[in-house]
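Here the structure is laid out as structure tokens; the discussion comes afterwards.
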Amino acid sequence: MRIPKLFLPLLLGATIPALFLATSIHGGTFSANFNDGLIPAGTLVFGGGDNPAYLPVVEAPGGVGDTACLKLTKNANGQWGSFIIEDLDSGAAVYGVRATFMARVGGGTSVPADGWSFCVSPDLPNATWGETGAGSGLRVCFDTYDNTDGDPFNGTGEAPQIRLVIGGQTVATTPLLPLSDLINNAFVPVEIKLNADGSFDLTYNGKVHFSKVFFPGYQPLYYPRLGFGARTGGLNANHWIDDLNIETYTTPKPGIAQNPQSQTVVVGASATFSVTVNNGDAATIEWLRNGTVIPGEVGTTYTLTGAALTDSGAKFSARATLGGTTVTSAEATLTVVAIDLPATPILSYNFNDGLVPSEAVVYGDGLAADGWTPWSPYVALFGGVGDSGVLELTEAANGQKGAFIIADQHAGAPVYGVAARFDVRIGGGSAVPADGMSFNFAADLPDSANAGDVEEGVGSGLRVCFDIYDNADGNPHNATGEAPAITLKWGPTVVGEVKTALNDLVTGDAFADVIVRLTPDGLLDVAWNGKVLLYRAPVPGFGSIASGRFGFFART
């Protein structure tokens, strides 16, 4: 961490050979009411389980109107069944699929098991599968049995639930459902839609479970197969399908997968808005301000440079057009504020003289990058902004801690407000960086770099914490733990926190401009690279600090 300037004031079961009748169906549609009692042409069935000879069947009675239907499993233990429809479009790109059918699940043990799935994937295997689905494409998984504790009624495990799985990863789930939502022992209508804009909808028995769900990594499918799979275990249920209709979409439509986000910036900063558009490579994308096209601004990002107070309140949106379809994103609001700093700082360092300032002291812990020399922060003549001087709190080496502490500038008098501005560089080390740094103002800063997890802040006063490593699970990229984040604290009390993308905090070879202002009435402002993270945030427990010192702490 470098500071160049400082300004202070499926489980697959056994299978047997397929029953394959007639040739593949191509043409973008498939329809079967199963009333002829035959496995439809262009389809495959697979079975297995405790009875290796088991196969799904088309038979009556039991279907809608007591006609024939497709029976993936019956109400017997240990059955596996799958039904596969070959590619309907002769290898053409498939941008979406709509399937409507009647489903009957139930009629077995009082606690049913295990569930079923609908899958669309080019690598759908010639095999059986159950509620977890199969293939690297789309899976819609209807899980009726709680494998966590075997009781689907208590609502504490992973079922009953419907899951949307893409590329083997769960991207959306329903809440835990009443078992009666999935188990009926009567036919209910189902509609599954992967729309041509890459969004997903699911309606089951008249209840909408997913609507316009966009997911990351959407791409068209080539040579997709479509299929149903189901299984029973030590408990059972019928899994039956009737009146099946499928159509594919081979013409893409634009879809706004991620809208631009509202933001607050300081006067003079840049504001960048981004949009994610499915099928955007072939679409025309233009930006609008307050509903009016901004001339010449096309593509998935728009940057307003030098934001002025008069820009505050402006609304920005993106419009994507592909063929005859046009979609417009939600509007993002820009707020512009002024964070005024004292005209004359009590201290100002640019570190260009290569010296640690006389009123400051540095502390280090660990070894330098050579593996032998004890580590201590220092001021280098090069490497800062414009390759000028810079304070190096840590190097890109493991196990280092560094502290830079500035002595009390007010002879023990109470201080009611703080303003600081500095440039900071974080990065240049391992691919997964660790651990972070903090800026602090308190009377009880330790005279040591070895102050624990210093990215969580130090002392009983103001802490601005830049945490880049997710100690929750060691993966800073997934945003499920406590980092990457910028956290503002008064002592150990969190005033506010902003979760960020890792590349927002890890600046690489660049420097980020940081502004911190704590006003005498206890309101906190923090800006990072022009983006305001906190503005006029009240600080619980705020009070004056006597004999306060400024301190930067960092560790790897």
Side-chain angles (χ1 to χ4, degrees), residues 1-6 347 349-407 422-440 442 444-459 463-477 481-484 502-503 505-512 514 549-556:
M1 292 77 174
R2 298 180 176 181
I3 301 175
K5 292 190 296 183
L6 176 61
L347 291 170
Y349 306 135
N350 62 19
F351 301 110
N352 288 346
D353 60 4
L355 301 175
V356 174
S358 59
E359 57 273 309
V361 62
V362 295
Y363 300 96
D365 189 67
L367 297 176
D370 61 15
W372 296 94
T373 308
W375 170 249
S376 179
Y378 68 98
V379 175
L381 290 172
F382 307 101
V385 174
D387 210 23
S388 61
V390 63
L391 168 65
E392 297 202 4
L393 288 172
T394 70
E395 297 175 301
N398 291 349
Q400 288 186 357
K401 295 181 179 179
F404 174 80
I405 299 175
I406 303 169
F422 52 92
D423 294 319
V424 62
R425 174 185 171 189
I426 301 175
S430 53
V432 177
D435 277 285
M437 61 168 288
S438 60
F439 166 72
N440 310 271
D444 54 353
L445 297 184
D447 292 318
S448 168
N450 196 9
D453 297 342
V454 296
E455 70 275 12
E456 300 294 339
V458 179
R463 307 180 186 183
V464 183
C465 312
F466 306 89
D467 191 351
I468 57 177
Y469 186 76
D470 185 359
N471 294 284
D473 61 6
N475 182 1
H477 300 280
E482 95 285 9
L502 186 62
N503 56 11
L505 282 182
V506 177
T507 62
D509 294 331
F511 285 85
V514 182
R549 299 192 295 170
F550 295 101
F552 290 87
F553 291 77
R555 74 175 182 121
T556 64

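No experiment lies behind these values; they were computed from the predicted model shown. In what follows, residues are counted from 1 in the order of the sequence shown.
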Is a side-chain N or O of Asn352 found less than 3.5 angstrom from the main chain of Ser388, in a donor-acceptor match?
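Not a single qualifying donor-acceptor pair exists.
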Pick out which of Tyr363, Phe466, Phe422 makes a ring-ring contact (aromatic ring centres under 6.0 Å, His included) with Phe552.
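Testing Phe552 for a ring-ring contact (aromatic ring centres under 6.0 Å, His included) against Tyr363, Phe466, Phe422 leaves exactly one candidate, Phe422.
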Assess the side chains of Asn450 and Ser448: does a donor N or O sit below 3.5 Å from an acceptor N or O?
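Distance-only check fails for Asn450 and Ser448.
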Answer with yes or no whether the side chains of Tyr469 and Glu482 bring together a donor and an acceptor at under 3.5 Å.
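Not at all, the side chains of Glu482 and Tyr469 share no donor-acceptor pair under 3.5 Å.
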How long is the gap from [atom1] on [X] to [atom2] on [Y], to the nearest 0.5 Å?
{"X": "Asp467", "Y": "Cys465", "atom1": "CG", "atom2": "SG", "result": "8.0 Å"}
{"X": "Leu391", "Y": "Tyr378", "atom1": "CG", "atom2": "OH", "result": "10.0 Å"}
{"X": "Thr556", "Y": "Glu455", "atom1": "OG1", "atom2": "CD", "result": "10.5 Å"}
{"X": "Thr507", "Y": "Ile468", "atom1": "OG1", "atom2": "CD1", "result": "9.5 Å"}
{"X": "Asp435", "Y": "Asn471", "atom1": "CG", "atom2": "CG", "result": "6.0 Å"}
{"X": "Phe553", "Y": "Asn440", "atom1": "CZ", "atom2": "CG", "result": "6.0 Å"}

Side chain to side chain contact (heavy atoms under 4.5 Å, CB included) partners of [X], counting only residues at least two apart:
{"X": "Ala368", "result": "Asp370, Thr373, Trp375, Glu395"}
{"X": "Asn503", "result": "Ala501"}
{"X": "Ala442", "result": "Asp444, Leu445"}

Going by heavy atoms in the side chains, are Val385 and Arg425 under 4.5 Å from each other?
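No, too far: nothing below the 4.5 Å cut-off.
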Asp365 and Arg555 ion-paired at < 4.0 Å
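No, no charged N to carboxylate O under 4.0 Å.
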Mind checking what makes side chain to side chain donor-acceptor pair (under 3.5 Å) contact with Asp387, not counting sequence neighbours?
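By the side chain to side chain donor-acceptor pair (under 3.5 Å) rule, Asp387 matches no residue at all.
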Using salt bridge (charged side-chain N to carboxylate O under 4.0 Å, His left out) as the criterion, list what pairs up with Asp447, not counting sequence neighbours.
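Testing Asp447 for salt bridge (charged side-chain N to carboxylate O under 4.0 Å, His left out), a comparison that skips the adjacent residues, returns Arg549.
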For Asp353, all residues meeting salt bridge (charged side-chain N to carboxylate O under 4.0 Å, His left out), sequence neighbours excluded
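Result, salt bridge (charged side-chain N to carboxylate O under 4.0 Å, His left out) vs Asp353: none returned.
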